Amino acid sequence: MAKEQTLSLIKPDGVARGLVGEVIGRFEKNGLQIRALKMVRLTLEEARAFYAVHQGRSFYDSLTRFMSSGPIVALILEGEEAIRRNRELMGATDWRQAEAGTIRADLARDIEANVVHGSDGPETAAREIAFFFSELEKA
Ligand code: UDP
Ligand code: MG
């Protein structure tokens with residue numbers, strides 16, 4: 001199985017609540033290697049572009065306001081099956097349905113402010129990595 005890259009975001013709630021180290025520690029302990037890392041604050045327009053796939057959904061306006069409400073941390077994670085394994089570590093979108101021991105089950109208490117984002121497939125990962133990182137920023 002070849003190595004794969006995925007995009008992870010620690011959302012504004014995760015940064016504001018001081019969970020950056022906790023979340024990154026979970027990636028590292030689980031064999032996901034950090035290949036790029038930065039803190040940024042999205043404008044509303046950038047958040048709307050990033051989540052364009054959800055345009056028209058009931059939660060889109062609120063989600064994109066939330067994602068532009070404060071700093072976030074963006075990471076490229078690399079490893080065997082990194083996309084699936086990151087999604088496993090994150091847990092289900094709704095923390096109430098997330099498996100115990102996952103980031104969202106342990107740390108989130110809100111379906112919107114759910115600490116992390118992770119790419120959901122190879123095409124999404126490529127698009128989302130390019131959205132946040134230039135070639136120069138990749139280790
Ligand atoms: N979201 C929400 N309400 C919903 C579904 C999603 O607020 O009913 C938010 C939540 O922050 C989620 C994001 O929209 O993480 C993107 O939704 P998606 O279905 O892609 O979930 P994810 O891939 O993040 O698990
Ligand atoms: Mg998603």
Side-chain angles (χ1 to χ4, degrees):
M1 189 77 181
K3 276 195 183 174
E4 192 173 71
Q5 291 191 341
T6 189
L7 181 87
S8 167
L9 300 177
I10 304 176
K11 295 185 177 184
D13 60 314
V15 174
R17 291 170 59 209
L19 299 174
V20 172
E22 166 72 28
V23 171
I24 291 180
R26 289 179 183 227
F27 296 147
E28 292 188 323
K29 276 184 213 118
N30 286 280
L32 290 174
Q33 198 189 349
I34 298 166
R35 297 303 303 270
L37 169 62
K38 66 180 170 185
M39 181 175 283
V40 292
R41 178 160 177 177
L42 297 177
T43 64
L44 180 60
E45 284 317 302
E46 287 165 343
R48 290 176 73 86
F50 181 74
Y51 277 115
V53 62
H54 291 311
Q55 208 159 1
R57 301 268 185 92
S58 58
F59 58 84
Y60 178 69
D61 284 344
S62 176
L63 170 66
T64 52
R65 273 197 307 274
F66 163 63
M67 288 300 289
S68 57
S69 68
I72 62 175
V73 172
L75 307 101
I76 300 176
L77 301 176
E78 185 178 276
E80 308 257 319
E81 293 190 83
I83 297 169
R84 185 185 61 72
R85 285 174 51 221
N86 178 44
R87 297 286 308 190
E88 257 175 38
L89 291 177
M90 289 164 57
T93 309
D94 185 346
W95 62 277
R96 290 164 296 196
Q97 277 152 34
E99 239 180 86
T102 60
I103 292 168
R104 284 162 166 175
D106 290 353
L107 304 174
R109 290 297 175 267
D110 189 280
I111 190 171
E112 178 177 86
N114 56 3
V115 188
V116 280
H117 166 86
S119 308
D120 62 8
E123 292 77 23
T124 320
R127 173 190 169 268
E128 293 182 347
I129 285 170
F131 186 95
F132 277 96
F133 293 100
S134 70
E135 284 308 314
L136 254 181
E137 292 174 306
K138 296 179 191 170

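As the structure is a prediction and not an experimental result, all values here were calculated from the model. Heavy-atom basis, side chains included; hydrogens, waters and symmetry copies ignored. Counting starts at 1 for both ligands and their atoms, following the listed order.
The N/O atoms of Glu112, backbone and side chain alike, include one that comes under 3.5 Å of an N/O atom in ligand 1.
Here the heavy atom of the protein found nearest to atom 24 (O) of ligand 1 is Arg104 NH2, 3.0 Å. Of the protein's non-hydrogen atoms, the one nearest atom 10 (C) of ligand 1 is Ile111 O, 3.3 Å. At the shortest separation from atom 23 (O) of ligand 1 among protein heavy atoms lies Arg87 NH1, 2.8 Å. With hydrogens left out, the protein atom closest to atom 13 (C) of ligand 1 is Leu63 CD2, 3.8 Å, a heavy atom. Protein heavy atom at the shortest distance from atom 1 (N) of ligand 1 is Phe59 CD1, 3.6 Å. What sits closest to atom 25 (O) of ligand 1 on the protein, heavy atoms only, is Thr93 OG1, 2.6 Å.
Taken to the nearest 0.5 Å, the CD1 atom of Ile24 stands 5.0 Å off from the CG atom of Leu75. Summarising the geometry, atom CZ belonging to Phe27 is positioned 7.0 Å from atom CG belonging to Leu89; distances are rounded to the nearest 0.5 Å. Atoms CZ and CD, from Arg104 and Glu99 in turn, are 13.5 Å apart once rounded to the nearest 0.5 Å.
Other residues, nucleotides and ligands place more than 12 heavy atoms under 6.0 Å from the NZ atom of Lys38.
Every residue two or more places apart in sequence or in another chain that forms a ring-ring contact (aromatic ring centres under 6.0 Å, His included) with Phe59 is listed here: His54. Residues passing the ring-ring contact (aromatic ring centres under 6.0 Å, His included) test with Phe132, sequence neighbours excluded: Phe50.
For atom 17 (O) of ligand 1, the choice among His54, His117, Met67 with the nearest heavy atom turns out to be His54.
Val73 and Tyr51 are members of different hydrophobic clusters when ILVMFWY side chains are connected at heavy-atom separations under 4.5 Å.
Numbered from 1 in the order shown, with element, the atoms of ligand 1 that lie under 4.0 Å from a heavy atom of Asn114 read 10 (C), 11 (O), 12 (C), 15 (O).
By the 4.0 Å heavy-atom criterion, Lys11 is counted among the residues contacting ligand 1.
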